[in-house]
Amino acid sequence: MVQAMVSITQGACTGCDLCITFCPFEALLPLTERPADHPHAKRPVVVVEASCVGCLSCIGSCPTEALHEVLSPPNNAESPLLHPPPPPATEAIQRWGRGGTPWS
Ligand code: SF4
Ligand code: SF4
């Protein structure tokens, strides 16, 4: 079996935040700042690769189809998941408990 994870085509992300509630691992988080060249008014959401387990629960949740599956190489030694990049600066989202943004 080939391990999967997801990626977001940043230019297609409108920052609607809909996908955030579909991730049980809090791997989908908004950037703290909107990149200057981002084509939409709101900051985008990114995949925090170190937190993404590739469960694919979020696939299909994006209305602009910005989320897509990325297959890792069959050889685990070549997996990008072994060396995830430093996480970008992201906003904290309260997911659980009173007032939290729950699971969709
Ligand atoms: S694949 Fe799973 S863990 Fe990764 S971002 Fe989507 S819902 Fe979260
Ligand atoms: S659902 Fe799609 S457009 Fe909305 S924040 Fe997530 S990736 Fe971006």
Side-chain angles (χ1 to χ4, degrees):
M1 191 171 107
V2 179
Q3 189 173 12
M5 60 182 298
V6 301
S7 183
I8 294 178
T9 304
Q10 198 171 93
C13 177
T14 62
C16 71
D17 297 353
L18 190 64
C19 57
I20 290 173
T21 60
F22 285 80
C23 179
F25 299 96
E26 302 182 39
L28 296 169
L29 292 173
L31 286 180
T32 52
E33 292 186 19
R34 174 185 168 275
D37 60 351
H38 190 58
H40 302 286
K42 198 176 171 194
R43 84 287 177 271
V45 165
V46 294
V47 180
V48 179
E49 294 188 17
S51 302
C52 176
V53 301
C55 67
L56 302 182
S57 297
C58 58
I59 288 290
S61 67
C62 177
T64 67
E65 299 184 356
L67 276 167
H68 54 91
E69 182 179 353
V70 177
L71 295 180
S72 292
N75 181 350
N76 287 347
E78 298 171 5
S79 172
L81 298 176
L82 286 177
H83 305 288
T90 50
E91 292 176 24
I93 299 284
Q94 184 191 349
R95 290 288 308 280
W96 319 113
R98 186 187 295 251
T101 306
W103 168 261
S104 286

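Both counts, for ligands and for their atoms, begin at 1 and track the order of listing.
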Closest heavy-atom pair, L31 versus Q10, reported as atoms and distance to 0.1 Å, is CD1-NE2, 4.1 Å

Ligand 2 atoms nearer than 4.0 angstrom to some heavy atom of C62 are 1 (S), 2 (Fe), 3 (S), 7 (S)

One should read off an interatomic distance between I8 CD1 and E65 CD, to the nearest 0.5 angstrom, of 13.5 Å

Could you list the atoms of ligand 2 found under 4.0 angstrom from a heavy atom of T64?
3 (S)

Judged by non-hydrogen atoms, does P30 sit under 4.0 Å from ligand 2?
no

Separation between CG of L56 and CD of E69, rounded to the nearest 0.5 Å:
4.5 Å

For L67 and S61, the nearest pair of non-hydrogen atoms, with its separation, is CD1-OG, 3.6 Å

Might you point out which heavy atoms bring F22 and C58 nearest each other, and give the distance in Å?
CB-CA, 3.9 Å

Taking S51 for its side chain and E26 for its backbone only, find out whether a donor-acceptor pair lies under 3.5 Å.
no

List every atom of ligand 2 that sits less than 4.0 Å from any heavy atom of D17, numbering the atoms from 1 in the order shown and giving each element.
4 (Fe), 5 (S)

At less than 4.0 angstrom from any atom of ligand 1, which residues have a non-hydrogen atom? List them by chain and residue number.
V6, F22, C23, P24, F25, A27, L28, C52, V53, G54, C55, L56, S57, C58

Determine whether the side chain, the backbone, both or neither of T14 has a heavy atom under 4.0 Å from any heavy atom of ligand 2.
both

Enumerated ligand 2 atoms positioned under 4.0 Å from heavy atoms of C16:
1 (S), 3 (S), 4 (Fe), 5 (S)

Value for CD (E91) from CG (L29), rounded to nearest 0.5 Å, stands at 9.0 Å

I'd like to check which ligand 2 atoms, numbered from 1 as shown, lie under 4.0 Å from a non-hydrogen atom of P63.
1 (S)

State, yes or no, whether a side-chain contact exists between D17 and R43 at a heavy-atom distance under 4.5 Å.
yes

Donor-acceptor pair, R95 side chain versus I20 backbone, under 3.5 Å?
yes

